Amino acid sequence: MATGGHVTDGVERRGLMFVLSSPSGAGKTTLSRMLLDREPGLKMSVSATTRAKRPGEVDGRDYFFVDKPRFEAMVKDDELLEWATVFDNLYGTPRAPVEAALSAGKDVLFDIDWQGTQQLHQKASVDVVRVFILPPSAADLEKRLHSRAQDSDEVIRKRMSRASHEMSHWAEYDYIVINHDVDEAFAEVQSILKAERLKRERRTGLVGFVRGLQGQLQG
Ligand SMILES: Nc1ncnc2c1ncn2[C@@H]1O[C@H](COP(=O)(O)OP(=O)(O)OP(=O)(O)O)[C@@H](O)[C@H]1O
Ligand SMILES: Nc1nc2c(ncn2[C@@H]2O[C@H](COP(=O)(O)O)[C@@H](O)[C@H]2O)c(=O)[nH]1
């Protein structure tokens, strides 16, 4: 996948795709919002889903809420970068906004499950950074799903029963963050983003920059 240039400290770099996954309720949405508030140059990928809207969710901000025929048309027309069935609903990443953001030199943040992460990684491995968020305990996870107060007991029961399976994919990720204290977890996620932005292989302008420095030293 083509990624656009992005200039930091006078050195151009490739945009990256920053993925957060976790069992439902471990804190991806919370950490994503904190990152978007504090990290300029980061754009959220807004997914399409057939799931019903939760109270307070806004179409186009939290998700693009679509019906099943519309979602299937998006798949057929290759409008999705990845897609998967999660908790009996369809979820997918619209391709065009991600490509536009990367071309504009932005990094893109994804809140997607392990299936979508595998698909993104197959398509653009060098540009994908995978972070898995773990809850401190099963009891905390269940408490968080209840405290969010947006899903029925039946939905929460289903999500808890899937948590162990979701977690079995933890070793496919580059980084693991345990979300015990939200500020500490945020600091860890932010450090990962900052370090990944500085990676040599992403800094496409470094060769020219170093040659310039060498020229100054020799001249
Ligand atoms: N470190 C934390 N301590 C206590 N509560 C937390 C912590 N992190 C998040 N929460 C709370 O837990 C609930 C679930 O968090 P959030 O919605 O961010 O999870 P999620 O991983 O995005 O879930 P889903 O996959 O279902 O979208 C929210 O009410 C959030 O405020
Ligand atoms: N593969 C994808 N998974 C996605 C996408 N958008 C969200 N998700 C994941 O679904 C579950 C449930 O989310 P919820 O909002 O209903 O609680 C969660 O694990 C998300 O990460 C997507 O586009 N592709």
Side-chain angles (χ1 to χ4, degrees), residues 17-37 44-66 71 74-75 79-98 108-123 128 130-152 154-170 172-173 176-189:
M17 295 189 254
F18 199 72
V19 177
L20 299 184
S21 298
S22 78
S24 177
K28 298 177 298 292
T29 309
T30 307
L31 293 167
S32 297
R33 289 190 181 141
M34 293 170 85
L35 269 180
L36 292 166
D37 273 355
M44 188 79 209
S45 166
V46 179
S47 298
T49 185
T50 59
R51 142 159 108 58
K53 207 191 281 182
R54 289 186 184 129
E57 283 186 328
V58 176
D59 188 37
R61 183 194 69 185
D62 299 294
Y63 279 104
F64 294 106
F65 294 95
V66 297
F71 194 98
M74 291 168 96
V75 173
E79 289 176 29
L80 300 177
L81 209 46
E82 61 74 33
W83 66 276
T85 302
V86 190
F87 308 124
D88 304 331
N89 290 302
L90 297 166
Y91 293 82
T93 300
R95 176 190 301 279
V98 173
V108 183
L109 175 61
F110 299 81
D111 170 343
I112 61 176
D113 83 330
W114 62 271
Q115 304 172 82
T117 307
Q118 284 185 350
Q119 293 171 49
L120 272 194
H121 194 253
Q122 275 158 16
K123 287 184 175 150
V128 177
R130 299 162 295 181
V131 183
F132 200 84
I133 312 293
L134 289 172
S137 70
D140 279 295
L141 185 65
E142 189 162 12
K143 215 187 299 164
R144 286 178 195 179
L145 284 170
H146 282 289
S147 74
R148 188 163 66 185
Q150 287 187 324
D151 294 308
S152 65
E154 169 63 10
V155 167
I156 290 176
R157 200 189 51 71
K158 241 188 209 164
R159 288 179 180 232
M160 281 302 291
S161 76
R162 291 287 294 171
S164 173
H165 177 66
E166 290 286 326
M167 249 173 332
S168 70
H169 291 274
W170 69 278
E172 295 163 21
Y173 285 72
I176 308 297
V177 170
I178 301 174
N179 180 14
H180 181 62
D181 174 83
V182 74
D183 292 319
E184 279 172 27
F186 170 70
E188 291 183 9
V189 171

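Both ligands and their constituent atoms are indexed starting at 1 by order of listing. In this chain, residues are counted from 1 in sequence order. Since the model is a prediction, treat every value here as computed from it, not as a measurement.
- Residue Arg51 is tested with Asn89, Val86, Asp88, Val155 for a side chain to side chain contact (heavy atoms under 4.5 Å, CB included); the sole match is Asn89.
- Judged by the shortest distance from any of its heavy atoms, Ala185 lies outside the 4.0 Å radius around the atoms of ligand 1.
- Among all protein heavy atoms, the one lying closest to atom 8 (N) of ligand 2 is Asp111 O, 3.6 Å.
- Residue Thr30 has at least one N or O atom closer than 3.5 Å to an N or O atom of ligand 1.
- Counting heavy atoms under 4.0 Å from ligand 2, residue Gln118 does not touch it at all.
- Arg33 does not count as a contact of ligand 1, since none of its heavy atoms falls under 4.0 Å from the ligand.
- Summarising the contacts of atom 22 (C) of ligand 2 with Glu82, Arg148, Glu57, Gln119, the nearest heavy atom is found in Glu82.
- With a 4.0 Å heavy-atom cut-off, ligand 2 is reached by the side chain of Val86 but not by its N, CA, C or O.
- Within the 4.0 Å heavy-atom cutoff, Arg159 counts among the residues contacting ligand 1.
- Only the side chain of Arg51 comes within 4.0 Å of ligand 2, counting heavy atoms alone; its backbone N, CA, C and O stay farther away.
- Residue, atom and distance of the protein heavy atom nearest to atom 1 (N) of ligand 2 are Asp113 OD1, 2.8 Å.
- In the vicinity of Thr93, heavy-atom distances shorter than 4.0 Å reach the ligand 2 atoms 23 (O).
- Under 4.0 Å from ligand 2, not a single heavy atom of Trp83 appears.
- Annotation: Gly25 places an N or O atom under 3.5 Å from an N or O atom of ligand 1; distance criterion only.
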